[in-house]
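Every chain is numbered from 1, with letters handed out A, B, ... down the list of sequences. Owing to the predicted nature of the structure, the values given are computational and were not obtained by experimental measurement.
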Amino acid sequence: MQIKDILEKAIIDAAQSTISDGIFKIADTDSLPEVLLEVPPKKEFGDFATNFAMQSAKIFHNNPRKIAEELKNRIKLEQVEKIEIAGAGFLNFYLKPTIIYDHFREIFNNGDNYGQLPNKNNKTIQIEYVSANPTGLLHVGHGRGAAAGSAIVNIMRAAGYNIEAEYYINDAGNQMDKLTKSVNARYLELLGQKVDFPEDGYLAQDIIDTAKRIIESEGDKYLNVSEEERMNAMRELGYKDKLAELKKDLKAFRVEFDNWFSERTLHPAAVNEAIDVLKEKGIIYEHEGALWLKSTDYGDDKDRVVVRENGEPTYLAADIAYHKNKFERGFGELINIWGADHHGYVARVKAAMSALGFDADKLKILFLQMVALYRSGELVKMSKRSGNAIPLRELMEEVGTDAARFFFLMRSMDSQLDFDLDLAKKKSSDNPVYYVQYAHARICSIFRQTAEMNIKLGDNPNFNLLIHPSEIDLINKIADYEEEIEKAAKEYAPQRITRYTQEIAALFHAFYRDCRIIGVESELASARLGLIKVTAHVIKHALGLLGVSAPESM
RNA sequence: GCGGUUGUAGCUCAGUUGGAUAGAGCAACUGCCUCCUAAGCAGUAGGUCGCGCGUUCGAAUCGCGCCAAUCGCACCA
């Protein structure tokens with residue numbers, strides 16, 4: 001049982017005993033507030049604090065300090081050195097120092113497993129993210145989604161959730177037609193034919209690269225076939241090439257998926273079936289030759305077309321079929337990560353799911369605000385090379401995968417992100433990613449040297465020797481780690497972990513200043529080696545959740 | 001016009017069931033390498049938490065109104 005749970009229980013028991021002793025009276029309908037234990041903002045306020053007395057002032061009809069006094073007198077725990085009443089009625093708990101050492105010893109003995117919480121045995125949660133069209137390169141906006149999604153997947157798995165990561169490939173519909181026409185035009189052009197480039201085609205350089213690769217592998221054999229045959233070939237070859245490029249970039253960016261779901265598999269059967277079910281339920285109607293979803297019945301601003309006048313299903317129709325499919329796969333929860341520019345789309349998808357009889361609340365849509373790149377203080381809008389939105393691979397080349405991921409994960413998802421390219425490239429403590437990585441490298445360096453000097457960690461270091469404030473701070477930070485993972489998972493907030501890595505690195509650097517390992521007597525050296533061993537593990541583990549490497553030397 | 005997000009130190013931002021003197025990094029200024037990596041550490045300074053009203057013992061946090069930035073409001077995806 002964790003010390004927090006012990007304190008919580010003791011507080012509740014004390015509160016209940018004040019009632020049974022007749023000190024305070026409460027109405028039958030009242031229930032005790034939840035005990036909120038927090039680490040106080042200042043060290044002087046103890047190891048844990050609760051505002052329970054203030055929270056219960058109302059139902060006890062008494063002032064918080066009086067209540068706190070009664071609670072204080074009833075809580076007797078061997079782990080607690082003293083309890084103080086402070087401020088408006090805070091109860092501050094000061095633990096016996098041995099408690100933190102006992103806890104730290106457990107962490108130490110847990111070794112590399114620290115940071116992996118027990119499996120929650122939940123129904124698998126599906127997280128769908130990136131899902132960029134296979135018609136061009138991933139750009140930095142996709143990069144932020146990729147970093148956030150993969151970090152959330154990692155964090156939730158560490159928190160003990162069962163997770164399946166999925167990529168939805170929009171390999172059907174309009175944009176594939178545009179891709180086909182564009183690749184076709186570039187193919188012919190590169191082989192010396194005169195072509196009119198399609199008006200709505202994709203102009204970027206990467207399409208030319210795709211056409212080049214097709215020529216490399218297939219040669220000019222599609223020059224002398226029918227238009228139809230060539231277009232079919234261009235569609236499949238172009239698609240294959242684009243998808244391969246996407247996967248290449250994602251892999252380089254340390255992003256992995258358990259499942260790649262092709263939109264094509266929904267056409268036409270699943271799409272038709274979804275529409276038929278909606279028709280049966282009477283939420284589809286015909287108007288001006290098109291089929292409309294009556295999404296206004298479910299809170300949408302207006303009704304939406306699902307089948308166009310020309311008989312083609314809209315993107316929404318496929319998306320309804322896709323989400324229906326997801327619900328039918330029986331996940332406990334469905335999480336989508338979308339760009340902020342898609343927020344207007346939520347109401348209609350949820351409307352369709354509700355109409356189909358699913359619990360739309362199970363579908364959780366997280367939004368990512370936009371990314372703006374800055375170089376020398378100036379907003380960078382376009383890639384010089386491609387003339388288009390900045391490709392993720394250019395960012396990776398410029399600042400590296402570690403810095404790109406770390407910077408993407410520094411801010412909460414619903415803050416717009418200003419990405420400072422100059423800062424991300426700096427090799428100094430100004431650059432937060434180096435700052436954290438350096439802490440890890442420093443520890444590894446100490447281990448290399450102590451190994452040479454035959455300073456031993458041993459199996460059972462005496463951690464009670466770690467009494468310097470810098471040591472205590474570091475121990476406490478380490479002890480917080482699993483709770484931080486839990487919170488980050490619950491709030492889908494990877495930036496909490498990013499922040500945590502910066503904080504623990506700062507505490508380690510302070511420790512490094514104050515506490516030497518080489519040159520102190522061996523029992524103390526051993527305890528300190530134990531402390532930094534766990535520190536290194538936690539930093540590496542936390543960076544791992546973010547998809548950032550932890551180098552052993554820099 | 002309607003909707004989402006944002007507004008906290010000069011800059012970039014943390015700060016969730018409402019709690020103690022609102023935090024960090026950068027930039028600025030001042031110090032610290034005969035000593036395990038100075039890619040580091042310590043200190044100083046910096047605030048009407050966008051504005052107003054309300055709820056509360058207590059509000060950066062909750063409610064309402066306003067202002068500003070941004071993204072959206074397709075038979076595009």
Report task. With P as the reference atom in both, quote the distance from B/A28 to B/C11 in angstrom, rounded to an integer. Result -> 15 Å
Query raised in the report: If you draw the axis of the six-membered ring of A/F508, does the NZ or CZ of A/R442 fall within 45° of it and under 6.0 Å from the ring centre?
Result: no
Query raised in the report: For A/F407 and B/C26, what is the distance between atoms CZ and P respectively, to the nearest whole Å?
Result: 12 Å
Query raised in the report: What distance, rounded to whole Å, do you find between the two P atoms, one in B/G63 and one in B/U21?
Result: 25 Å
**Report entry** N/O donor-acceptor pair, side chain A/D341 with base B/A77, under 3.5 angstrom
**Finding:** no
**Report entry** Dot-bracket summary - RNA chain B, pairs being Watson-Crick or G-U whose distances fall under 3.5 Å, with | when paired to another strand
**Finding:** (((((((..((((.....[...)))).(((((.......))))).....(((((..]....))))))))))))....
Query raised in the report: With centres under 5.5 Å and planes under 30° as the test, does A/F45 stack with B/A20?
Result: yes
Query raised in the report: Among A/K326, A/K364, A/H342, which one satisfies side chain to side chain donor-acceptor pair (under 3.5 Å) with A/N336?
Result: A/K326
**Report entry** Close approaches to RNA chain B from residues 506-518 of chain A, in residue order (heavy atom, under 4.0 Å)
**Finding:** A/H509, A/Y512, A/R513, A/C515, A/R516, A/I517, A/I518
Query raised in the report: Would you say the base of B/G3 and the side-chain of A/H343 have a donor-acceptor pair closer than 3.5 Å?
Result: yes
Query raised in the report: Mind checking the C1' distance from B/G72 to B/A77? Whole angstroms is fine.
Result: 14 Å
Query raised in the report: Which value, in whole Å, describes the distance between the C1' atoms of nucleotides B/A60 and B/G7?
Result: 11 Å
Query raised in the report: Given the P atoms of B/G46 and B/A9, what is the spacing between them in whole Å?
Result: 14 Å
Report task. Can you tell me, in whole Å, how much space there is between the C1' of B/U6 and that of B/A45? Result -> 29 Å
Report task. Describe the nucleic acid contact of A/N51 in one word from base, sugar-phosphate, nothing, applying a heavy-atom distance below 4.0 Å. Result -> base
Query raised in the report: P atom, B/U8 versus B/G47: distance in rounded Å?
Result: 14 Å
**Report entry** Whole-Å gap separating P (B/C71) and CZ (A/F367)
**Finding:** 16 Å
Query - B/G50 to B/U70 separation - C1' atoms, rounded to the nearest Å - result: 15 Å
